[in-house]
Amino acid sequence: MQYLISVIDHRTGSATDDEMAAINAFNEQLVADGHWVFAGGLSAPSDATVIDGRGDGPPIFTDGPFLESKEYLAGFWVFEAPDLDVALKLASAASKACNRRLEVRPFL
């Protein structure tokens, strides 16, 4: 089973050197333990483009985020885990490593 772990932050690229070292060590452990699938940081919501291709007309492209909020998705992991309990344990360690709140959601 795979899980999306969303990193919630109020700005982009805010990790300190110590936090980055902890994240890198955590990622290495994920790989060693067979839980690593993919991870990445995201640019600021102001860099986003929203595309609405619904309806019969051509798609509409809009600059900026879909939602305005004080906090947003700043990065993510995709974990491989046998069940939600293991995913939550891994996410707890990830939250400690990156010093941010996280959201865990299973893929369908």
Side-chain angles (χ1 to χ4, degrees):
M1 184 100 192
Q2 292 184 341
Y3 296 85
L4 174 66
I5 292 75
S6 302
V7 179
I8 302 164
D9 202 349
H10 67 284
R11 62 182 192 205
T12 301
S14 63
T16 66
D17 290 342
D18 288 343
E19 290 167 343
M20 284 307 302
I23 292 166
N24 289 335
F26 176 74
N27 289 344
E28 290 172 8
Q29 192 62 53
L30 283 177
V31 171
D33 293 342
H35 297 293
W36 175 266
V37 176
F38 186 76
L42 298 172
S43 67
S46 59
D47 294 335
T49 302
V50 177
I51 303 162
D52 187 350
R54 298 175 292 176
D56 295 330
I60 298 170
F61 295 82
T62 308
D63 291 336
F66 174 69
L67 296 173
E68 295 287 339
S69 67
K70 291 182 180 181
E71 294 182 313
Y72 53 85
L73 179 64
F76 64 93
W77 279 277
V78 177
F79 293 164
E80 184 77 39
D83 56 48
L84 180 61
D85 289 337
V86 172
L88 293 176
K89 182 178 176 184
L90 292 169
S92 295
S95 178
K96 187 166 189 69
C98 72
N99 196 33
R100 306 291 185 277
R101 292 184 314 126
L102 304 180
E103 177 186 85
V104 177
R105 294 175 66 182
F107 283 94
L108 298 176

Answer yes or no: is there a side-chain heavy-atom contact under 4.5 Å between [X] and [Y]?
{"X": "Tyr3", "Y": "Leu84", "answer": "yes"}
{"X": "Pro106", "Y": "Met1", "answer": "yes"}
{"X": "Thr49", "Y": "Thr62", "answer": "no"}

Just verifying a value: how many Å separate Phe26 CZ and His35 NE2, rounded to the nearest 0.5 Å? 9.0 Å

What distance do Glu19 atom CD and Ile23 atom CD1 have between them, rounded to the nearest 0.5 Å? 6.5 Å

If hydrophobic residues (ILVMFWY) are linked whenever their side-chain heavy atoms come closer than 4.5 Å, directly or via other members, who joins Ile8 in its cluster? none

Is there a continuous path of hydrophobic side-chain contacts, each under 4.5 Å between heavy atoms, that joins [X] to [Y]?
{"X": "Tyr72", "Y": "Val50", "result": "no"}
{"X": "Ile5", "Y": "Val31", "result": "yes"}
{"X": "Val78", "Y": "Leu88", "result": "no"}
{"X": "Leu4", "Y": "Val86", "result": "no"}

Pairing residues for [X] by the side chain to side chain contact (heavy atoms under 4.5 Å, CB included) criterion, not counting sequence neighbours:
{"X": "Gln29", "result": "Ala32, Asp33"}
{"X": "Ala39", "result": "Trp36, Trp77"}
{"X": "Ser14", "result": "Asp9, Arg11, Arg100"}

If you take all heavy atoms of [X] and [Y], which pair is closest and at what distance?
{"X": "Thr12", "Y": "Ser43", "value": "OG1-C, 3.6 Å"}
{"X": "Ala91", "Y": "Leu102", "value": "O-CD1, 3.2 Å"}
{"X": "Ala87", "Y": "Ala81", "value": "N-CB, 3.9 Å"}
{"X": "Ala22", "Y": "Ala97", "value": "CB-O, 3.5 Å"}

Any pair counted as salt bridge (charged side-chain N to carboxylate O under 4.0 Å, His left out), so long as it reaches residues 71-94, sequence neighbours left out: Glu71-Arg101

Pairing residues for Asp47 by the salt bridge (charged side-chain N to carboxylate O under 4.0 Å, His left out) criterion, not counting sequence neighbours: none

Only one of Val104, Val37, Leu30 passes side-chain contact (heavy atoms from CB on, under 4.5 Å) with Phe79; say which it is. Leu30

